[in-house]
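Right, one structure below, let's go through it.
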Amino acid sequence: MSYSVFTETRFWFMVALSVVLPFGIYAMLMMKRAISRTTVLLLGFLLVAIAGLDVYFLRSLSALAALTPSLADDALFISELSIAFYLLPALFGGLGINIISHSLIGHLAEAQQRFNKEHPNRGY
């Protein structure tokens with residue numbers, strides 16, 4: 001058993017997963033001039049998955065922080081301050097869902113236009 005959550009590999013994996021990967025995704029989305037709908041959809045799902053993994057790691061680290069003798073990790077993971085850590089996964093999950101819905105709405109609009117061209121008497 002370690003003396004602090006901050007020495008755990010899970011903690012550093014969560015930091016990398018929570019910060020480095022999502023901002024890398026955002027940088028890639030902003031730097032590309034053209035991105036396929038499939039790539040955008042997959043990146044949206046990846047952001048939602050990252051949010052889910054973040055919540056899992058936060059719950060796991062909170063349980064571990066209760067068992068360690070360190071007071072520093074108790075102050076961050078067990079106190080009311082821990083609520084602030086859940087804002088980042090909520091942000092990533094919300095952005096991921098927004099990206100997914102944007103991609104699906106674009107696809108549905110194009111499908112509706114194709115339908116209207118193929119069936120001019122049945123479209124609304």
Side-chain angles (χ1 to χ4, degrees):
M1 177 160 117
S2 65
Y3 291 103
S4 176
V5 171
F6 302 116
T7 61
E8 291 287 322
T9 307
R10 284 185 281 178
F11 173 76
W12 294 107
F13 183 72
M14 182 193 72
V15 169
L17 185 74
S18 301
V19 178
V20 176
L21 190 58
F23 287 110
I25 290 171
Y26 296 143
M28 188 185 86
L29 287 172
M30 294 298 163
M31 291 172 56
K32 291 280 193 174
R33 291 184 52 124
I35 301 175
S36 71
R37 179 179 294 135
T38 305
T39 302
V40 172
L41 190 63
L42 289 175
L43 291 175
F45 280 120
L46 184 59
L47 285 172
V48 173
I50 288 170
L53 286 172
D54 279 351
V55 170
Y56 167 75
F57 280 121
L58 284 170
R59 299 287 299 156
S60 171
L61 290 171
S62 294
L64 186 62
L67 301 174
T68 62
S70 172
L71 295 177
D73 53 12
D74 290 351
L76 289 176
F77 288 102
I78 298 176
S79 70
E80 292 81 16
L81 184 63
S82 68
I83 298 294
F85 288 130
Y86 289 94
L87 293 178
L88 202 58
L91 172 73
F92 295 145
L95 287 173
I97 289 171
N98 196 11
I99 289 171
I100 293 167
S101 68
H102 174 75
S103 181
L104 293 176
I105 288 170
H107 172 72
L108 291 175
E110 290 175 7
Q112 186 178 18
Q113 287 176 351
R114 280 192 303 273
F115 178 83
N116 288 339
K117 286 181 183 177
E118 294 172 4
H119 305 89
N121 297 333
R122 295 177 63 187
Y124 295 108

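Just the heavy atoms: all of them, side chains too, but no hydrogens, waters or symmetry mates, feed the values below.
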Would a hydrophobic clustering, with Ile, Leu, Val, Met, Phe, Trp and Tyr connected at side-chain separations under 4.5 Å, put [X] with [Y]?
{"X": "Ile35", "Y": "Ile100", "result": "no"}
{"X": "Leu43", "Y": "Leu17", "result": "yes"}
{"X": "Leu41", "Y": "Ile25", "result": "no"}
{"X": "Leu91", "Y": "Val55", "result": "yes"}

Euclidean distance, [Y] [atom2] relative to [X] [atom1], rounded to 0.5 Å:
{"X": "Leu104", "Y": "Ile99", "atom1": "CG", "atom2": "CD1", "answer": "12.0 Å"}
{"X": "Phe45", "Y": "Ile97", "atom1": "CZ", "atom2": "CD1", "answer": "9.5 Å"}
{"X": "Asp54", "Y": "Leu61", "atom1": "CG", "atom2": "CG", "answer": "10.5 Å"}
{"X": "Thr38", "Y": "His107", "atom1": "OG1", "atom2": "NE2", "answer": "10.0 Å"}
{"X": "Ser62", "Y": "Phe85", "atom1": "OG", "atom2": "CZ", "answer": "9.0 Å"}

(request) Assess whether atom CZ of Phe13 is packed by more than 12 heavy atoms of other residues, nucleotides or ligands within 6.0 Å. (result)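 Open: at most 12 neighbouring heavy atoms sit under 6.0 Å from CZ of Phe13.
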(request) May I ask you to check whether over 12 heavy atoms, not counting those of Tyr26, lie within 6.0 Å of atom OH? (result)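 Yes, enclosed.
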(request) May I ask you to decide if the ring planes of Phe92 and Phe23 are parallel, tilted or perpendicular, using 30° and 60° as cut-offs? (result) perpendicular
What pair of heavy atoms forms the shortest contact from [X] to [Y], and how long is it?
{"X": "Leu58", "Y": "Pro89", "value": "CD1-CG, 4.2 Å"}
{"X": "Ser103", "Y": "Arg37", "value": "OG-CG, 2.9 Å"}
{"X": "Ser18", "Y": "Leu88", "value": "O-CD2, 3.8 Å"}
{"X": "Leu47", "Y": "Pro22", "value": "CD2-CB, 4.2 Å"}

(message) Could you tell me if the side chain of Leu21 sits less than 4.5 Å from the side chain of Ile50, heavy atoms only?
(response)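 Side-chain contact under 4.5 Å: yes.
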(message) I want to check something: taking the side chain as every heavy atom from C-beta on, are Leu46 and Leu42 in contact at a cut-off of under 4.5 Å?
(response)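 No, their side chains stay 4.5 Å or more apart.
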(request) Check the pair Thr39, Lys32 against side-chain contact (heavy atoms from CB on, under 4.5 Å), reporting the backbone distance first and the verdict last. (result) CA-CA 11 Å; Thr39 302; Lys32 291 280 193 174; over 6 Å; no
